[in-house]
Enquirer: 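Got a structure here, written out as structure tokens. Questions coming.
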Amino acid sequence: MACTVFALAVQSASAQLNLEPTLPLLPGLSAPGGAAPTVTVPATDPSEDHTDGPAAPPPKPPGNVKGLSLSGRVDGGVPRAAPLGIPRVGKQNGYTRVVLTLPAGATYRVTPDGRDLHVDLTGVTADTLSGATNTDELRAWRLTPTPGGARLTLTTPGVTTRSGWHNLLLPEDGGQSARLVTDVSPAFFDTRPLTAAERTITPLPAPAPGDNPADRTVVLDPGHGGKYPGAIGAVTEKAVTLDIALRVRALLRAAGVTVLMTRETDTHLFTSLNADLNARPALATNQARLFVSIHANAMPAASVNKGFGVETWWNPNHTGSPALAQALQANIIRMTGTFSRGLKNTQSLAVLRGAQVPAALIEVGFVSHPVDGDNLKDDLYLDRLAIGIAQGIRDTLAAP
């Protein structure tokens, strides 16, 4: 997937996006001049995490436009100050779509600003309009006149210059005016191709005589395996965690880190769940400096759209666990650009509670979410996750 201007044939763009049938106006859109009330997005329940068994996967979402263009201009004609209509807002499966009809000669510039995505337009006129939405991806929108044009502000859970939104300018086609299509979802990740430098983890300094080999060793634990599938949705947790762990191992080995794996294939350690969970952190005792467990999240079918993003759990089993969790979370979010659910402190997770070294458990996304689940099938996203995890481990090992 490219993050430059999305190349798509004009003749097929409208048909592929299927804009008209999928864009009924949402409830709560205000009349002209109305104010946008505050919309609260419900928080997810962490008690739904870490459950084995199926989480009913939602239907496949229609394809979003999957490109980022910070600016553009509508071709054809002489720019004129044409009235801008009310944005059309439509709820898709896992993201929300906003469509603006633009006249010939109009320009746009997109500026992500924390929770707001500003779209500044020229060649148009506009009244002050606003609306609240009831989606998990778009909380409200506001249209305001500006000198020479207008500004559309979309209030979201969070956007950056490289994630949280996609857009595409559809040129005039068959008598239909040009349209700027913007999809917003906090689960959209950074789709820029990785550079060679980004794919390389800085090697650890050479060991000094007498150094303990365990100080350069980490235990990677791909969650679940064998008879324990973990969460089931767009992907199966046990499969994606092993895939990521093997990518992390390759990166760390190249950086001079010794890696011990709790499993290298689709297998469980013990048929007893308690024995299986307790055996994983035990591998790090006296053999490794860190223990990192990799998992994927899920939500029940009724609330799949509320579960997205990456979070890292730690246990007060060791004074070094919070720093490890912080390094992992920060590097994963830096590499993926996806939504950060932050750090979680727990005493209930057996694989952390039983560890005698700094330990953390990463939830790399939600297999049940329409966008997050697709992310977990994307090699670029898996590579970005692996680089973030490997860099977090390397930074922790290199710390004094």
Side-chain angles (χ1 to χ4, degrees), residues 1-10 13 16-17 19 63-77 79 81-82 84 87-90 92 95-124 126 137-172 177-195 197-198 333-340 371 375 378 380-381 384:
M1 293 183 290
C3 70
T4 55
V5 179
F6 191 70
L8 188 62
V10 173
Q16 290 187 23
L17 290 171
L19 295 178
N64 62 74
V65 296
K66 295 186 178 178
L68 297 178
S69 177
L70 293 173
S71 63
R73 181 183 185 277
V74 179
D75 290 334
L84 188 66
R88 288 178 291 153
V89 180
Q92 307 290 333
Y95 60 94
T96 297
R97 172 164 289 169
V98 180
V99 179
L100 283 174
T101 300
L102 300 179
T107 70
Y108 71 88
R109 180 173 295 278
V110 180
T111 308
D113 181 20
R115 295 185 181 276
D116 289 337
L117 188 69
H118 301 298
V119 183
D120 289 302
L121 304 155
T122 67
V124 299
E137 304 87 26
L138 182 62
R139 297 174 179 176
W141 61 267
R142 183 173 180 83
L143 190 62
T144 54
T146 61
R151 165 174 278 194
L152 174 67
T153 296
L154 305 177
T155 300
T156 75
V159 288
T160 74
T161 55
R162 57 196 178 94
S163 61
W165 59 285
H166 294 154
N167 72 343
L168 174 67
L169 180 63
L170 290 175
E172 182 180 355
S177 298
R179 288 152 293 159
L180 179 62
V181 182
T182 304
D183 293 344
V184 291
S185 172
F188 289 155
F189 72 98
D190 183 357
T191 57
R192 289 179 304 119
L194 286 161
T195 66
E198 288 176 314
I333 299 305
R334 177 180 61 83
M335 283 305 305
T336 64
T338 195
F339 186 78
S340 175
V371 174
N375 290 347
D378 190 305
L380 176 58
Y381 184 65
R384 286 188 172 277

Enquirer: Of the non-hydrogen atoms in Ala126 and Leu84, which two are nearest, and what is the gap between them?
Expert: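 Nearest pair, atom of Ala126 first, then Leu84: CB-CB, 4.4 Å.
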
Enquirer: Any idea how His166 and Phe188 line up, ring-wise: parallel (<30°), tilted (30 to 60°), or perpendicular (>60°)?
Expert: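 Plane angle under 30°, so parallel.
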
Enquirer: If we only count heavy atoms from C-beta on, is the Pro103 to Val124 side-chain gap below 4.5 Å?
Expert: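 Yes. Closest side-chain heavy atoms under 4.5 Å.
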
Enquirer: Does any non-hydrogen side-chain atom of Leu121 lie less than 4.5 Å from one of Leu100?
Expert: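 With C-beta onward as the side chain, the pair touches.
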
Enquirer: Listed by chain and number, what are the side chain to side chain contact (heavy atoms under 4.5 Å, CB included) partners of Ser177, not counting sequence neighbours?
Expert: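 Only Thr101 meet the side chain to side chain contact (heavy atoms under 4.5 Å, CB included) criterion with Ser177.
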
Enquirer: Do the non-hydrogen side-chain atoms of Arg97 and Val65 ever get within less than 4.5 Å of each other?
Expert: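 Yes, at least one pair of side-chain atoms sits under 4.5 Å.
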
Enquirer: Are Thr336 and Asn375 packed together at the side-chain level, in the sense that at least one heavy-atom pair is separated by less than 4.5 angstrom?
Expert: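 In short, these two side chains do not touch, never coming nearer than 4.5 Å.
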
Enquirer: Check salt bridge (Lys or Arg N to Asp or Glu O under 4.0 Å) between Arg109 and all other residues, then give those that pass, not counting sequence neighbours.
Expert: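 For Arg109 there are no salt bridge (Lys or Arg N to Asp or Glu O under 4.0 Å) partners, ignoring immediate neighbours.
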
Enquirer: Once side chain to side chain contact (heavy atoms under 4.5 Å, CB included) is applied, do any residues pair with Thr182, and if so which ones, sequence neighbours excluded?
Expert: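 For Thr182 the side chain to side chain contact (heavy atoms under 4.5 Å, CB included) partners, ignoring immediate neighbours, are Leu117, Leu154, Asn167, Leu180, Val184.
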
Enquirer: What residues form a salt bridge (Lys or Arg N to Asp or Glu O under 4.0 Å) with Arg115, not counting sequence neighbours?
Expert: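 Result, salt bridge (Lys or Arg N to Asp or Glu O under 4.0 Å) vs Arg115: none returned.
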
Enquirer: Measure across Ser185 and Val371 and return the closest heavy-atom pair with its distance rounded to 0.1 Å.
Expert: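 Scanning both residues completely, I find the closest heavy atoms to be OG-CG2, 4.0 Å.
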
Enquirer: Rounded to the nearest 0.5 Å, what's the gap from OG1 on Thr156 to CH2 on Trp165? Could you check?
Expert: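 Spacing of OG1 (Thr156) from CH2 (Trp165) equals 11.5 Å.
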
Enquirer: So how far is it from Arg192 CZ to Leu68 CG, rounded to the nearest 0.5 Å?
Expert: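 Here the interatomic distance stands at 10.0 Å.
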
Enquirer: So which atom in Thr338 and which in Pro186 form the shortest heavy-atom distance, rounded to 0.1 Å?
Expert: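 Scanning both residues completely, I find the closest heavy atoms to be OG1-O, 3.7 Å.
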
Enquirer: Do the side chains of Glu137 and Asp183 get nearer than 4.5 Å, heavy atoms only?
Expert: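 Result no, sub-4.5 Å side-chain heavy-atom pair not found.
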
Enquirer: Would you check if Ser69 and Leu169 make a side-chain contact, meaning some heavy-atom pair closer than 4.5 Å?
Expert: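 They are not in side-chain contact.
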
Enquirer: Quick one: does Arg179's side chain have a donor or acceptor within less than 3.5 Å of a partner on Leu170's backbone?
Expert: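 A pair under 3.5 Å: no.
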
Enquirer: Under the side-chain contact (heavy atoms from CB on, under 4.5 Å) rule, what do Val98 and Trp141 come out as? Steps first, then yes or no, please.
Expert: CA-CA 10 Å; Val98 180; Trp141 61 267; over 6 Å; no

Enquirer: List the residues meeting ring-ring contact (aromatic ring centres under 6.0 Å, His included) with Tyr381, not counting sequence neighbours, and say none if there are none.
Expert: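 Tyr381 satisfies ring-ring contact (aromatic ring centres under 6.0 Å, His included) with Phe189 only.
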
Enquirer: My understanding is that only one of Asp120, Thr111, Thr144 makes a side chain to side chain donor-acceptor pair (under 3.5 Å) with Arg151; could you say which?
Expert: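 Among Asp120, Thr111, Thr144, the one meeting side chain to side chain donor-acceptor pair (under 3.5 Å) with Arg151 is Asp120.
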
Enquirer: List for me each residue that meets side chain to side chain contact (heavy atoms under 4.5 Å, CB included) alongside Asp116, sequence neighbours excluded, and say none if there are none.
Expert: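 Expected list: His118, Thr153, Thr155.
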
Enquirer: Identify the heavy atoms of Asn64 and Lys66 that sit nearest to each other, and give their distance.
Expert: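 Closest heavy-atom pair between Asn64 and Lys66: OD1-CG, 2.7 Å.
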
Enquirer: Would you check if the side chain of Arg384 reaches a backbone N or O of Asp190 as a donor-acceptor pair within less than 3.5 Å?
Expert: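 At least one qualifying donor-acceptor pair exists.
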
